[in-house]
Amino acid sequence: MKKIILIILLVTCLTISLSGCGDQENVNDSKNGVTITLWTPGAGTDHDSQIWKQIFDQFNKEHQGKIRIKAEFIPRGSGFEYENKVSSSVVSGGLPDILRMDGPNISSYAYYKVIRPIDQYVTADDLKDVVKSTVEQGRFKGKLYALAPNESSVAVFYNKELVKRAGIKPPTTLKNAWTWDEFLQAVKKTDRLDKKVRGVVLSPAKNEWMTYMPTPLVWSNEGDIVSKNGMQATNYINSKSTVQALTYLQKLSKYSNPDPTPTEFEDGKAAFTIQGSWEYVTLQRSYPNFKYGVTFFPYSKVKYSACGDWAFGITSKSKHPKEAAEVIRYLMKDRNVIKTSSAFGQPPATLSAFKNMPEWNRYPRTIVRDQVIHTGHPRNVVPSYPILTQEFTSATSDILDGANPKERLDEAAQSIDLMIKRNFPGEH
Amino acid sequence: MMKSHTLNRDREKLIMGVMFVLPALILLFVFLILPFINAFFYSLTSYNILSETKKFIGLENYIILFQDPAFWIALRNTFYFVVIVVPFQTALALALALIVNRKIKGRAIFRIGFFSPQITSMVVISILWTILYARNGLINNFLSIFGIPAQPFLNSSGQAMNSIIFMSGWQAAGYFMMIFLAGLQNIPDQLYEAVSIDGANAWQKFRYVTLPGLRSSMNFVLLITTIQAFKLFQQPFIMTGGGPNGSTKTVVQMVYTEGFQFRNAGYSSAMAVIFFIIVFVCQLILQKILNRGE
């Protein structure tokens with residue numbers, strides 16, 4: 001009797017523990033037509049996820065009986081949970097039809113054929129309306145893989161009162177955008193206007209920001225951080241142009257508090273700051289009475305600015321690429337681009353959306369609008385990007401802490417090339 | 001008749017014993033042993049997590065690993081951490097245990113206070129200490145009282161690892177203090193009284209009664225602290241990202257970066273296998289040294 005009870009208990013325990021390994025049913029209900037699965041980061045219950053849900057529900061209503069979107073929201077957690085889930089699903093199966101991915105990841109997924117080209121589903125006319133930087137971000141080895149409905153940018157935000165006191169008038173047209181030197185002079189002039197005020201505040205974050213923000217300086221100076229195919233860093237990341245760009249950044253940092261609080265600029269302790277376009281939303285929501293201005297990211301030889309956002313692509317294993325492409329085209333439609341952009345506080349990725357959103361045609365948002373349309377330069381679309389950004393952020397952090405730019409970038413070039421050789425053995 | 005009856009009873013006990021241990025053994029096998037065997041096989045391939053093909057390349061990953069300067073730097077940093085933090089943390093834990101073992105008023109509060117860093121997650125503590133170590137942070141403000149100029153701490157390749165060592169020792173000392181405390185309370189008072197009669201001073205009491213009495217606690221603390229120290233990852237990952245200039249990059253951090261950010265499962269598995277062997281050998285040596293006296 002005891003033995004039987006024990007066996008029943010054991011079997012029950014095992015069964016309960018195995019029930020955790022459930023499998024998502026992929027019901028292709030002929031009533032609903034084709035089911036398109038879609039993954040996007042989010043918690044499902046947060047504001048952004050709600051917006052997507054509304055759009056997906058509307059699509060399902062309009063395409064009832066033909067195509068149905070089944071969306072899954074995957075939390076990003078402390079950083080890379082979403083990417084890790086994608087990676088593990090490549091092995092274990094279960095990737096969705098449509099995958100939303102961060103700009104810099106597009107090249108890796110394309111290189112390993114996790115996603116497929118979508119050129120045949122997108123006409124030239126469709127692309128004419130999309131801003132150049134978004135198309136570039138989604139293009140790998142000449143083929144288009146993904147499209148993003150929203151964009152991003154980095155601009156110079158300034159404290160109106162402090163800047164006026166110093167007698168400075170930052171430009172409001174792209175034609176008159178500041179050069180490196182002009183921006184440095186403005187920072188110098190406002191530094192220590194009051195005892196506690198610094199000219200600029202540069203965020204010391206040791207993450208993707210440290211590649212996202214400084215790389216346009218490198219490109220502006222006609223340098224780069226890696227070769228076109230992404231397989232060699234030496235002579236690029238440590239070229240004279242790149243060293244000059246990071247030396248400039250180091251010069252700027254001398255007028256910044258080395259250990260700033262996250263709200264240094266909003267608290268009035270710095271005259272200028274270099275921030276992402278999301279700063280508009282931060283200031284609007286949390287500092288409505290703060291008088292600020294915006295001007296363009298400074299340039300050296302060519303005008304470039306940071307850009308990039310999460311884009312939608314179609315996985316190689318998808319059995320319904322045509323229908324998936326339908327979904328992506330729907331998400332890139334004017335009203336949906338406008339809906340998501342205004343809800344997320346981001347600039348749109350289409351020219352027609354810009355025309356139809358009045359807030360982007362008024363100063364100070366015109367600054368970011370002009371940058372997104374004319375000067376956006378996506379981060380290098382190469383499969384070695386994870387290695388590049390890892391080493392570049394580390395080198396830039398050290399340079400901001402005072403390291404010699406040439407020496408530090410030489411080291412970075414060496415270690416990057418070693419790692420690229422090891423991770424991409426077939427590419428030499 | 002009696003013999004076969006006993007044999008059946010013994011067999012029954014054996015089967016029951018095995019069945020009780022079986023679930024735990026299965027879990028241990030599936031989540032610990034099987035992945036390790038897997039890791040060994042991955043280390044013999046050039047396997048990128050995003051690609052579906054694993055190409056067998058034999059010991060090439062290991063050959064590259066031995067020639068990789070970044071690995072040796074990470075190994076050196078890890079060993080430096082272990083060699084410094086183990087005596088520091090152990091001595092601190094022992095000192096705290098000796099303090100709270102005395103019959104002073106409110107010693108329960110001291111015990112709770114010294115132990116409390118253990119309760120918070122290391123991630124939270126790392127973030128807090130990053131702020132404390134800032135150039136205009138609390139610690140520098142405190143040092144300025146004594147006229148000491150502001151130290152770069154986490155921003156200097158010379159001080160970063162030492163700063164992490166200090167913080168790690170502070171955090172974990174409370175836990176091992178408890179272990180030492182239990183060990184101290186197992187030393188009979190009569191021993192102390194006996195040597196007092198012989199005229200021993202505090203230091204002699206400590207050396208000839210306390211330390212020998214703590215032998216098994218000390219072995220445990222040293223072994224566990226050493227193994228834990230080798231696994232250093234959270235503190236440098238959060239506080240310095242491996243910098244400045246790679247001075248706080250550890251082996252576990254490299255395994256994570258190579259395996260998850262670069263998605264090179266083959267290379268990071270090779271690193272994990274080699275690291276396991278190194279830690280295992282070190283632990284064996286340590287055990288031999290500690291058991292020599294017995």
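Because only heavy atoms are used, hydrogens play no part in the values below, and waters and symmetry mates are left out as well, while side chains stay in. Chain letters run A, B, ... following the sequence lines, proteins first and then strands; every chain starts at 1.
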Novice: Contact part of B:A70 toward chain A, heavy-atom cut-off under 4.5 Å: side chain, backbone, both or neither?
Specialist: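 Neither the backbone nor the side chain of B:A70 comes within 4.5 Å of chain A.
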Novice: Identify which of A:A412, A:P258, A:G402 forms the greatest number of heavy-atom pairs closer than 4.5 Å to chain B.
Specialist: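 With the most close heavy-atom pairs to chain B, the winner is A:P258.
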Novice: Measure the shortest side-chain to side-chain distance between B:N245 and A:E411 over non-hydrogen atoms and say whether it is less than 4.5 angstrom.
Specialist: yes
Novice: Measure distances from B:I49 to the heavy atoms of chain A and classify the residue's part below 4.5 Å as side chain, backbone, both or neither.
Specialist: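 Contact with chain A is through both the backbone and side chain of B:I49.
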Novice: Side chain from CB out, backbone as N, CA, C, O: work out which of these in A:N207 comes under 4.5 Å of a heavy atom of chain B, or both, or neither.
Specialist: neither
Novice: With a 4.5 angstrom heavy-atom cut-off, is it the side chain or the backbone of B:N48 that approaches chain A, or both, or neither?
Specialist: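 Only the side chain of B:N48 comes within 4.5 Å of chain A.
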Novice: Would you say the side-chain atoms of B:Q235 and B:S168 include a donor-acceptor pair closer than 3.5 Å?
Specialist: yes
Novice: For the CD atom of B:Q234 and the CD1 atom of B:I164, what is their distance to the nearest 0.5 Å?
Specialist: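 Answer for the CD-CD1 pair, B:Q234 versus B:I164, is 12.0 Å.
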Novice: Take A:R198 and A:E264 through the salt bridge (Lys or Arg N to Asp or Glu O under 4.0 Å) test and state the conclusion after the steps.
Specialist: CA-CA 10 Å; A:R198 300 309 311 267; A:E264 194 91 350; over 6 Å; no
Novice: Can you tell which part of B:R135 gets under 4.5 Å to a heavy atom of chain A, answering side chain, backbone, both or neither?
Specialist: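 When you check distances to chain A, atoms from both the backbone and side chain of B:R135 fall under 4.5 Å.
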Novice: Write out, in numerical order, the residues from residues 106-113 of chain A with a heavy atom short of 4.5 Å from a heavy atom in chain B.
Specialist: A:S108, A:Y109, A:Y112
Novice: Non-hydrogen atoms of chain B under 4.5 Å away: do they reach the side chain of A:I387, the backbone, both or neither?
Specialist: both
Novice: Suppose we call two aromatic rings close when their centres sit under 6.0 Å apart. Are B:W170 and B:F88 close by that rule?
Specialist: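 Between B:F88 and B:W170, which both carry aromatic rings, the centre distance is not below 6.0 Å.
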Novice: Could you tell me which portion of B:Y267 (side chain, backbone, both or neither) has an atom closer than 4.5 angstrom to a non-hydrogen atom of chain A?
Specialist: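 Just its side chain gets close to chain A.
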Novice: Enumerate the side-chain hydrogen bond (donor to acceptor under 3.5 Å, both in side chains) contacts for residues 140-157 of chain B, please, sequence neighbours excluded, ordered by first and then second residue.
Specialist: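 Sorted result for residues 140-157 of chain B: B:Q151-B:Q159.
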Novice: Does anything in residues 25-46 of chain B form a side-chain hydrogen bond (donor to acceptor under 3.5 Å, both in side chains)? List the pairs, not counting sequence neighbours.
Specialist: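 Output for this query lists B:S43-B:Y62.
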Novice: Quick one: what part of A:N423 sits under 4.5 Å from any heavy atom of chain B, side chain, backbone, both or neither?
Specialist: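 For A:N423, backbone and side chain are both near chain B.
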Novice: Give, as side chain, backbone, both or neither, the part of B:E60 having an atom under 4.5 angstrom from any heavy atom of chain A.
Specialist: neither
Novice: Heavy-atom distances under 4.5 Å only: say whether B:K55 touches chain A with side chain, backbone, both or neither.
Specialist: neither
Novice: Pair B:W72, B:F79 - check ring pair (Phe, Tyr, Trp, His ring centres under 6.0 Å), show working.
Specialist: CA-CA 10 Å; B:W72 289 108; B:F79 264 99; 9.8 Å; no
Novice: Side chain, backbone, both or neither: which part of B:Y133 has a non-hydrogen atom closer than 4.5 Å to chain A?
Specialist: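 Interface part for B:Y133: neither.
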Novice: With sequence neighbours left out, what residues match B:D68 under salt bridge (Lys or Arg N to Asp or Glu O under 4.0 Å)?
Specialist: A:R422
Novice: Going by the angle between their ring planes, with limits at 30° and 60°, are B:F276 and B:F36 parallel, tilted or perpendicular?
Specialist: tilted
Novice: At a 4.5 Å cut-off on heavy atoms, which part of A:S87 comes close to chain B: side chain, backbone, both, or neither?
Specialist: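 Interface part for A:S87: both.
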Novice: In terms of side-chain heavy atoms, does A:Q232 have a donor or acceptor partner in A:D417 at a distance below 3.5 Å?
Specialist: no
